[in-house]
Number of protein chains: 2
Amino acid sequence: MVTIHEVAKAAGVSISTVSYALSGKRAISATTRARIDQAVAELDYRPNAGARMLAGARTNILALSAPIREDAHLPTHMRFVTAVVEAARAHDDDVLLLARDDEVTGIRRVVDSSLVDGVVVLGVSTDDERAEVVRRSGAAAAFVGVPGDTAGLTCIDLDFAEAGRASVRQLAAAGHRSIGVIGHPATYVERHTGFIRRFADAFEDECRAAGIATLALYPSLDRADQRRAADELLAGLPDMTALVFHCNEPVVEAVLAHLVSRGVRVPEDVSVLAACASYDTDALEVPLSTIPLPLEEMCRGAVEGAVRQVDGAREPGVTLLPPRFIDRGSIRPVP
Amino acid sequence: MVTIHEVAKAAGVSISTVSYALSGKRAISATTRARIDQAVAELDYRPNAGARMLAGARTNILALSAPIREDAHLPTHMRFVTAVVEAARAHDDDVLLLARDDEVTGIRRVVDSSLVDGVVVLGVSTDDERAEVVRRSGAAAAFVGVPGDTAGLTCIDLDFAEAGRASVRQLAAAGHRSIGVIGHPATYVERHTGFIRRFADAFEDECRAAGIATLALYPSLDRADQRRAADELLAGLPDMTALVFHCNEPVVEAVLAHLVSRGVRVPEDVSVLAACASYDTDALEVPLSTIPLPLEEMCRGAVEGAVRQVDGAREPGVTLLPPRFIDRGSIRPVP
DNA sequence: TTGAAAGCGCTACCAT
DNA sequence: ATGGTAGCGCTTTCAA
């Protein structure tokens, strides 16, 4: 193992000069720097991580708390995880992945042992225990999603309420007066209450204000249940001209396939909007216009929020990202 | 931050005694141990990770190299990642997640800086660069999957060849003489050549030996392409009584749905076997008999292989797990 | 612009 | 059965 001493000797300088040259924390003459760079390259020197952690103030590791719920949509989950890793690497941080058994104790473990500089929290629910854990430990942390009590916490999320209103507006602008909704499974709603309810409430309010008829159903992950919901929509909202999906990709596929089998043409008969979609709506059989879930942006924001705290900032707060609309042609004007 | 010194003072012993009491590396009297345990509990002492890494021989962190390919099946990927984390935690190790940009440099970075004790490698392809990286660095590592040149490496995988043969045997035993196959996308085959080809070759050999007719198709991730493949099977193998899926869940769903729409009943008209399935075949609309991909077992084996090397063992080799058959009733005897 | 040296908190060796 | 202490490799004063 190559140490800083060997680099110093090879470059003919002291170890502190090597350290400063590498950290850039003080001015080094061009010639000295060149000699050090050369020695580093020749010896293929890599500073020892443990030593840096011990001597320095930071570990350059972020913990990622990403517990997997029973009914989680794994692709979305994976996208969040990947996005956090990419964002962290952009800040020269590595990511330590905490899974199920570690919901609360895991965070304490890695924070208390100074294994990580901060924590990024995914899959946040309204009554999330991790909020209290973070508050108590005083750890640098950022939540992707909004817990019930956000006091003292840094959170980032899509503005789901605004996304709900924007969904109605997009369809209303095209003349739609009767909109069906397929939402996340009811079990989801109960637990993650946060974002789903924010979306649904705002959506309903906007419909009411605009005098638009609407019916929202929350089928389970069972395919038959999903087809049943599609039929119910057709029956309960006979003059439905638009459909909003606020659910995961497989449900969208199943419901659309069923509608097609029932003779409903998309988008000729029914316009469709994929709201807060975490998947690529362009890869579906019928590309769907969408208000995407900006998960890269959310994860990037969370990582930056956490890193900022590591760097000493103390400015907690909730950041709500504005929804954006992407037209893929699945919304047609009502004749 | 609570240090070992404070614990020692509170317990009225030396720091070395505290260290030994916690590591269990030497005998401690019951009374002393009790005093130390109490002090640890009262002070909520957590050993500093950096200090342990520096002073000790290990970091208790494993790197997980899990690059995401363009056409990857995210749920499967996530299951592997989760399984590795669970297995690592069972050995008291944490997992550092390396993603796309880190394919090769990431492994070098974390290994050379002694950030991790070892590496678990996922998504291994026949010409995987990471094999050479590991060989050269001499890092403790275990591959989930089998690269082309396994010299000096520790690998673990399902015995795909045996799985191919077992698939034929299961169906042949039920009297089937004409078996269709829907495999992974052709793009997959080209890259991951390893396991897919091993399965396919053994499957064909076994069919040939048993005088069974077979036709294998490798539709892309496009739904229309998958339906076309199903039709091709029906046309190219008119007396087909059995179908083997060696592909991912969404393809299975799409093909099965299309067959149903074509009036083919499963399993009455066509028996179905899900080979090397990484998903829950019991949650499908028609539960499928399966030879599951034992991914938890694979990941557990890999973690154990890596940990064993960290502990000094030098016994590289390829472990092939025997396939198992799980009957869910989707294979019917041919009348 | 550079160097010397004091820790960082722990493990493990050498004593007793 | 327990204690003293020398490092582990680095960062960061303090000095020059």
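We name chains A, B, ... by the order of the sequence lines, and we start the count at 1 in each one. Worth knowing before you read on, the calculation uses all heavy atoms, side chains too, and leaves out hydrogens, waters and symmetry mates.
- Within 4.0 Å of A/Ser23, counting heavy atoms only, lies no atom of the nucleic acid at all.
- Contact check, A/Lys25 against D/dT12: a side-chain N or O comes under 4.0 Å of OP1 or OP2.
- Between the P atom of C/dG7 and the CE atom of B/Met1 lies a distance of 18 Å, rounded to the nearest Å.
- Nucleic acid contact for A/Ser16: base, since at least one base atom lies under 4.0 Å from a heavy atom of the residue.
- Between B/Val2 and B/Val7, the closest side-chain pair of non-hydrogen atoms falls below 4.5 Å.
- Close to C/dT1, at under 4.0 Å from its OP1 or OP2, lies no side-chain N or O of A/Thr32.
- At D/dG9, none of the side-chain N or O atoms of A/Arg52 fall inside 4.0 Å of OP1 or OP2 (strictly under the cut-off).
- Rounded to a whole Å, the CD1 atom of A/Ile15 is 8 Å from the P atom of D/dC10.
- In this model, the phosphate group of C/dG3 is approached by a side-chain N or O of A/Thr17 to a distance below 4.0 Å at OP1 or OP2.
- A/Tyr45 has a side-chain polar atom (N or O) that falls below the 4.0 Å cut-off from OP1 or OP2 of D/dC10.
- Distance, B/His5 NE2 to C/dC10 P: 8 Å, rounded to whole Å.
- Within 4.0 Å of A/Ser19, counting heavy atoms only, lies at least one base atom of the nucleic acid.
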